Amino acid sequence: MGEIKGDRTAIQKSIPGPRSIFGAQMNMVRFYRNPLVYSRWLYQTYGNVVALGSSKKPSHVFAFGPELNKQILTDPDRFGASDSLVKIPRDTVLGRMYFNNLLLMTGEKHRQHRRLMQPAFHRQQIRAYCEDMVQLTHRISDSWQGQAEVELNHEMKKLTQYIAVKTLFGLYNEAELERMGKLIDGLTKSLVFATAAPINLPGTPYRRALRIAEQLNHHIRSMITKKRAETDATDVLASLVQARDEDGSFLTDDELVGHAFTLYVAGHETTANALTWSIFLLSQHPDILSDLLEELDGALGGSDPTLEKLASLTLLDSVIKESLRLLPPAGIGVRITADTCELGGYEIPKGTNVYFSQMVTHRLPDLYDEPDRFKPQRWSTMKRTPFEYLPFSAGEHMCIGWNFATQEMKVVLAILLQRYRFSAVHNAKISPNLMMRPVHGMPMHVVPQDRQFQRVPVRGTIHRWIDF
Ligand code: HEM
């Protein structure tokens with residue numbers, strides 16, 4: 001057993017939590033079905049450290065609250081990256097693509113790769129992406145003219161996918177955007193099953209994932225060759241290709257392919273879901289939407305946003321913060337214990353999956369008054385530490401794209417809200433899942449902005465998340 005931090009006598013071995021004759025998996029199913037209600041119940045019933053399954057040798061432990069978030073996220077030697085569920089062989093094209101991924105790297109290797117990738121996300125570089133974001137938002141929203149209803153989540157996914165492909169690879173042509181998007185989407189869909197059961201037989205998700213990974217690998221490699229020859233490209237891949245560490249080291253082709261793939265996967269659906277909920281929450285709060293439109297009018301007067309103008313839009317910033325507080329697209333994170341260790345007064349065995357919960361932290365009444373209400377104005381005076389408010393996580397693995405995503409959300413919202421009025425379809429079923437995907441979609445009426453804001457009632461499990 002490894003060395004345990006803290007006062008040994010006070011450390012308890014038996015961790016409280018619900019027991020089920022079906023083991024931890026049944027409780028995990030309950031969690032996935034109803035993430036917020038279930039994890040709040042765990043916290044309120046058992047306290048800030050909760051074991052699912054056996055109390056002394058649990059496979060899953062939930063840890064709640066800022067103090068434990070800090071302990072988990074600032075001690076990567078004890079709480080490391082969790083890839084225990086991923087069974088893909090590393091020496092395949094798919095394995096190389098999947099494991100060359102910042103989230104699964106640790107220690108010096110992780111720090112070096114982050115250093116090499118950081119320039120692609122510097123403020124100056126993000127400025128260059130702003131114009132792409134503006135143009136693509138217009139391109140997608142032009143197509144809504146004359147349509148009475150859109151499925152907003154689908155449209156936001158299309159938009160963030162276009163923005164990701166353009167800013168990552170420099171592709172703009174519609175056919176190229178579609179092709180790349182289709183390949184990556186096909187791979188991520190097959191991966192859901194392929195990571196747990198890599199069975200290489202015809203017709204299996206793993207075989208399909210391998211086939212798409214080969215095509216994608218080939219396609220990204222040919223782009224890397226082109227980027228090496230270009231000197232004026234401003235996309236993320238070009239920046240990664242040119243990156244050199246102080247000792248002259250650089251990213252290999254396998255690493256470049258892996259990072260390009262994971263940047264796309266990590267970035268586009270999260271941002272699409274965040275945008276979908278921001279628009280939905282505003283449509284349900286006409287007074288806040290009206291104030292926001294006034295702010296946009298004053299600063300932009302119908303024109304497109306620039307980085308300088310975005311900086312003055314304080315209510316827009318608060319709306320995004322509040323929406324990410326209530327409905328965070330990454331509402332839970334996981335680490336695996338590298339050795340037996342102490343957490344919140346309990347002994348956690350080596351190899352345990354430890355979950356930290358943005359979702360519960362963001363709704364602690366001690367930190368947020370009326371925690372279930374959408375109140376963007378709270379952010380005009382309120383400051384929270386990185387462990388009290390963490391939609392982009394905290395510590396070494398904090399989202400490398402947080403600035404990119406925040407700017408993208410600001411640009412897209414500033415344009416769409418000035419152009420259109422969105423209102424929910426009457427009695428539509430609106431239900432977020434754990435990743436904040438609205439599982440029945442987000443049907444919305446969209447008309448040219450006329451400021452006739454009105455709250456439309458909806459059904460669904462959203463009422464368990466938001467107190468309207
Ligand atoms: C609203 C949008 C987004 C949200 C809510 C989000 C959230 C997160 C969170 C919570 C983590 C850390 C997970 C952990 O600690 O286990 C993370 C990591 C990461 N994100 Fe994001 N993300 C967003 C957008 C983006 C974008 C746009 C990109 C890239 C363009 C991106 C790329 C990454 C990468 C590469 C990591 C791994 C960082 C590391 O391990 O060092 N994300 N993101």
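Please read all numbers here as calculations on a predicted model, not as lab measurements. Values below: every heavy atom of this structure, side chains too, minus hydrogens, waters and symmetry copies. When a ligand or atom number is given, it counts from 1 through the structure's own listing order.
- Inter-residue side-chain proximity for Leu256 and Ile220 is flagged as unmet; no heavy-atom pair is nearer than 4.5 Å.
- Residue-level proximity to ligand 1 for Phe121 is carried by the side chain, the only part with a heavy atom below 4.0 angstrom.
- Residue Thr271 has no N or O atom closer than 3.5 Å to an N or O atom of ligand 1.
- Distances from atom 10 (C) of ligand 1 to the heavy atoms of Ala120, Pro391, Cys399 put Pro391 nearest.
- By the 30° and 60° cut-offs, the orientation of the rings of Phe280 relative to Phe468 is perpendicular.
- Within the 4.0 Å heavy-atom criterion, both parts of Phe392, backbone and side chain, lie near ligand 1.
- Residue Arg335 places a heavy atom under 4.0 Å from ligand 1.
- Applying the ring-ring contact (aromatic ring centres under 6.0 Å, His included) test to His122 and every residue at least two apart in sequence or in another chain returns nothing.
- Using cut-offs of 30° and 60° on the angle between ring planes, the pair Tyr368 and Trp379 is tilted.
- Of the N or O atoms in Glu408, none lie within a sub-3.5 Å distance of an N or O in ligand 1.
- The contact set between ligand 1 and Ala330, taken as ligand atoms under 4.0 Å from a residue heavy atom, comprises 10 (C).
- Of all the atoms in ligand 1, the ones that sit under 4.0 Å from a non-hydrogen atom of Gly267 are 25 (C), 26 (C), 27 (C), 28 (C).
- No N or O atom of Thr270 sits closer than 3.5 Å to an N or O atom of ligand 1.
- Residue Gln358 places no N or O, backbone or side chain, under 3.5 Å from any N or O of ligand 1.
- Listed by number with element, the atoms of ligand 1 under 4.0 angstrom from any heavy atom of Leu263 are 29 (C), 35 (C).
- Checked against a 6.0 Å centroid threshold, the rings of Phe31 and Phe62 count as neighbours.
- With salt bridges taken as basic N to acidic carboxylate O contacts below 4.0 Å, one links Asp254 and Arg221.
- Ligand 1 is approached by Glu396 to a heavy-atom distance shorter than 4.0 Å.
- A perpendicular orientation is assigned to the rings of Phe404 and Phe121, their planes being inclined by more than 60° (bins at 30° and 60°).
- Residue contact check for ligand 1: Thr262 places no non-hydrogen atom closer than 4.0 Å to it.
- If you look at Arg114 next to ligand 1, the close heavy atoms, those under 4.0 Å, all belong to the side chain.
- Between Glu342 and Arg78 there is no salt bridge, since no side-chain N of the basic residue sits under 4.0 Å from a carboxylate O of the acidic one.
- More than 12 heavy atoms of other shown residues, nucleotides or ligands fall within 6.0 angstrom of atom NZ in Lys321.
- Ligand 1 has His110 within reach: a non-hydrogen atom of the residue lies less than 4.0 Å from it.
- Without hydrogens or angle criteria, Tyr420 side chain to Trp144 main chain gives no donor-acceptor distance under 3.5 Å.
- Heavy-atom contacts of Phe404 reach the following atoms of ligand 1: 27 (C) (cutoff under 4.0 Å).
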